[in-house]
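What follows is a single structure, written as structure tokens, with notes after it.
Note that this is a predicted model, so its numbers are computed, not measured. Counting starts at 1 for both ligands and their atoms, following the listed order. Values below: all heavy atoms of this structure, side chains included; hydrogens, waters and symmetry mates excluded.
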Amino acid sequence: MTPSTQPPAAFRPGYQFASDNTAGMSPAAWAAIERANADSVASYGDDPWTTRACDLIRELFEYPADIFFVFNGTAANSLALAAMCQSYHAILCHDLAHIETDECGAPEFFSNGTKLLLLSGPHGKLTPEGIAHAVERRRDIHYPKPRVVSITQATELSTVYSIADLARISEACNRHNLRLHMDGARFANAVAALGVQPKQITWQVGVDVLCLGGTKNGVGIGEAVVFFRKELAEEFAYRCKQAGQLASKMRYLTAPWVGLLEGGAWLTNAQLANAAAARLEKGFKTIPAIEVLGTRQANAVFVKMPTALAAGLRGRGWCFYDFIGSGGCRFMCSWATTDADIDAVLSDAREIALTVSSAPGSPG
Ligand SMILES: *Cc1c(COP(=O)(O)O)cnc(C)c1O
């Protein structure tokens, strides 16, 4: 099925495994935007939609958090980290962390030079031992002082930190006087994968600030910065404004959250995305030329395949990334990925694999 007809393949949603942000807005979010468009309301967040979105997030976490909405994840992470650090501090993160690999130095920029210290760890996760080692190896005045641990939940490798993992990391943070930041661009996928309550993997295990992803979960634009520690939120509104992150027509950022949260789509969307990845992974495992990599728990599948097979799939219009960290190809599923999408890519892969005789990862 060569995508020869209009619109071009790149715009056909079924062909998008590049990212979960290639999906449109979730219908619940879209409907809420329409409702928010009906009246004039106060600007800069002093509107009923924003109040309601904050209340719903507080209900979700069962915690009286301070909440701010910004346009994207880079801003959320960078400003949250800046609020936790002085310029002479260091932020410990995984070497695959989005704040290191995909934010163009924004965390360092907005914190006026706070250094990211990169740690490795299996499955894209930090370990308490790694954190302790990073703190203990240097304690002199010539080295930036570790202040924050930043973890990604779900991780860049589609794994998740369990409650036990988080408790151990939190304990290491307490022992070394470190604050704990969570990049939750795919937080809902982690909740869905673990089958836990949001509080169990945040404030109950010592997370100080969560950057709660909206975009990949089904809103059109925006992430929420959720402070579980009040003093860290002090003057945060000024940071947002100065960074160009205060929306004047705030309701258009916040109404979609109301839509997602009120009907529970935040969770069902994540469940759909995770289930799509599970189905895709299962299918890939039946194709001998393809080797599934890692230990997927969330909505991305990593595979190694002959380069000719990857090229063949791309030739038929399928979009996916080569993901350096895993040494393979990343197929990212979203709430909008359908069984038909998955069956079609698998069928193409099977067909192309017959013409490609080489072992996984070989140049054939
Ligand atoms: C998508 C993503 C973000 C947000 O990226 P923006 O493009 O800045 O919105 C943050 N962290 C992770 C792990 C992501 O995958």
*Please state which protein non-hydrogen atom is closest to atom 5 (O) of ligand 1 and give its distance, to 0.1 Å?*
His98 CE1, 3.3 Å
*Top protein contact for atom 9 (O) of ligand 1, by heavy-atom distance*: Gly73 N, 2.9 Å
*Among all residues two or more places apart in sequence or in another chain, which pass the side-chain hydrogen bond (donor to acceptor under 3.5 Å, both in side chains) test with Ser170?*
none
*Option whose closest heavy atom lies nearest to atom 11 (N) of ligand 1, chosen from Asn72, Val70, Asp183*: Asp183
_Residue portion contacting ligand 1 (non-hydrogen atoms closer than 4.0 Å) for Glu223_ = neither
*Indicate yes or no: does an N/O atom of Ala185 lie under 3.5 Å from an N/O atom of ligand 1?*
no
_Closer than 4.0 Å to some heavy atom of Thr74 - which atoms of ligand 1 meet that?_
6 (P), 8 (O)
*Can you pull out the closest protein heavy atom to atom 2 (C) of ligand 1? Residue, atom name and distance to 0.1 Å, please.*
Lys216 NZ, 2.4 Å
*Number the atoms of ligand 1 from 1 as they appear, then name those within less than 4.0 Å of a heavy atom of Glu156, with their elements.*
13 (C)
_Phe187: which of Phe61, Trp266, Tyr161 passes ring pair (Phe, Tyr, Trp, His ring centres under 6.0 Å)_ = Phe61
*Is any side-chain heavy atom of Phe320 closer than 4.5 Å to a side-chain heavy atom of Leu313?*
yes
*Sort out for me which residue in Thr155, Val160, Leu157 forms a side-chain contact (heavy atoms from CB on, under 4.5 Å) with Gln297.*
Val160
*Quick check: does Arg186 get an N/O under 3.5 Å from an N/O on ligand 1?*
yes
_Donor-acceptor under 3.5 Å (Tyr63 side chain, Phe228 main chain)_ = yes
*Fit a plane to each ring of Trp318 and Phe17, take the angle between them on a 0 to 90° scale, and name the class: parallel (under 30°), tilted (30 to 60°) or perpendicular (over 60°).*
tilted
